[in-house]
There are 2 protein chains.
Amino acid sequence: MRNLHGRLDLCSINTATLGHREPLSLTIDRIAKAGFGGIAPWRHEVESTDIAQIARQIKALGLTVTGYCRSAYLPAATRAQFTANVNANKAALRDAATLGARCFVMVVGGLPEGSRNLPAARAQVSDGIAQLLETARDWGVPLALEPLHPMYAADRAVLNTLAQALEICEAVDPECSGFLGVAIDAYHCWWDPELYASIEAAGRAGRMLAYHVCDWLRETRDLLLDRGMMGDGVIDLPGLRGSVERAGYEGLVEVEIFSKEHWWRRDPDEVLQVCAQRLQTVC
Amino acid sequence: MRNLHGRLDLCSINTATLGHREPLSLTIDRIAKAGFGGIAPWRHEVESTDIAQIARQIKALGLTVTGYCRSAYLPAATRAQFTANVNANKAALRDAATLGARCFVMVVGGLPEGSRNLPAARAQVSDGIAQLLETARDWGVPLALEPLHPMYAADRAVLNTLAQALEICEAVDPECSGFLGVAIDAYHCWWDPELYASIEAAGRAGRMLAYHVCDWLRETRDLLLDRGMMGDGVIDLPGLRGSVERAGYEGLVEVEIFSKEHWWRRDPDEVLQVCAQRLQTVC
């Protein structure tokens, strides 16, 4: 297991951690100045600015783009909408390539409005990913399926365990092309009784494309926006990173914290400082 | 699959559904008067009154006690506390027998305060259940392990999937004594990609002791107290009950809704009426 002390070059900041309160170019500068080696920006902030300029800025600062966030949701009530969703992701993959992203983060989407058919939504996800794989290869940007915590199964992602994500990878990309894998997020996966076995399987298949950290607060007050800073919750982060790295992960450790009432109210540089400190001591 | 139309005798009300706003004896009368065949009371309301009297009242009204809620949490920071937890459950099993409960509902507990060791907490759960099995047999009340939604892994239950519950059953009670099984709750399990396979396995082993329904609201606002009335959410309740019954479940269908801001504010008789209507039409 790598020692992160003095190795912020192995650490990345997902821009959501700072609450998207400032223009992306300013956020990029802050992250680089704080010494981090990577960044993971979001589409809405990239698409509202000059992407070529953003790409140049990131490159000039020597930052690795650990992931581009994130896919349009795939499941849809109509075939036309499904196709539109797939096409939106194809367009985003081009931007991910422009940014030099290590992967395109796939938050696959929940049940279509009004649907109770979870197997059908999951089938649409497999289908959509199969349709995106060639585009991913064309642009040279791997798709990283991110299983989300089961509490998001209705509205954000019908993909809820690492085992389930790996099953889709095997079905869609049995030859392990290098363009389909998983993003493992401690927050979403920590509770899973099969997690460590799934991590080993992901490693054996060479599918680990990203590793995200934050913490699960014992007294979580909001389903979406009350994630904790590493060390403030109950996740065994060193154990988890150890497992991921023993399984072969060599990428950066990315911090992604949604925290409306706490961290998003703090000064961005202070948040980055706390992230840096915690990454080097409790992750 | 059974047709529940006109069959409220096959349906049960967990008293939490009415918000525990009235004395238990009044709640029992309401549930019987509304035509339900079963009730599932909670320890705090039973233990604060004359249990023998409550048992007589339930029996006189012909209600089945579909479950006694619920176990003291098992995992503990010290051996002494763990033993105290096991003993608290032994005492509750005696009361479950007095009530003639079909099962004792085991919500196994989360991580001990300050702990990040999920495997250790899970091992304590297995250990505690093994220690309770003989008492359960002595009192003639089966233990029903209830896997809770993964969003409760930190503070309420480190048992989070049906497969995991069945694994403990197999380890602790390989001979399928009839005194260890599972409670399947639609709210906790609906998202699980392995759910239907696990239900079949539970049926093959004769382990299905209880089946609980409510609904998952797409816009869930609270992790604990915002469960939906059947039909108001996204769970495929007919599909799930069909699977449970095909696997051999012949017990009652129990409604358990925690809903602080909505159903717990409504008139209890009205809530029972809506439960009855939804059970017969959308479950």
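First the proteins, then the strands, lettered A, B, ... as listed; each starts at 1.
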Would you call [X] and [Y] a side-chain contact if the rule is heavy atoms closer than 4.5 Å?
X        : Y        : result
B:His149 : A:His149 : yes
A:Arg122 : B:Pro193 : yes
B:Val158 : A:Trp191 : no
A:Met151 : B:Tyr152 : no

Heavy-atom pairs under 4.5 Å with chain B, option from [options] with the top count:
options                      : answer
A:Gly239, A:Pro150, A:Ala154 : A:Pro150
A:Pro119, A:Gly110, A:Gly233 : A:Gly233
A:Glu167, A:Gln164, A:Glu219 : A:Gln164

- Query: For A:Glu113, is it the side chain, the backbone, both or neither that has a heavy atom under 4.5 Å from a heavy atom of chain B?
  - Reply: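 Answer is both: backbone and side chain atoms of A:Glu113 are under 4.5 Å from chain B.
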- Message: So for A:Asp192, is it side chain, backbone, both, or neither that comes closer than 4.5 Å to the heavy atoms of chain B?
- Response: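 Just the backbone, heavy atoms under 4.5 Å.
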Taking all atoms of both residues into account, what is the closest heavy-atom pair of [X] and [Y], and its distance?
X        : Y        : value
B:Leu111 : A:Arg218 : O-NH1, 2.8 Å
B:Arg116 : A:Ile235 : CD-O, 3.3 Å
A:Leu223 : B:Arg221 : CD1-C, 4.3 Å

- Query: B:Thr161 versus chain A, heavy atoms under 4.5 Å apart: side chain, backbone, both or neither?
  - Reply: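 Only the side chain of B:Thr161 comes within 4.5 Å of chain A.
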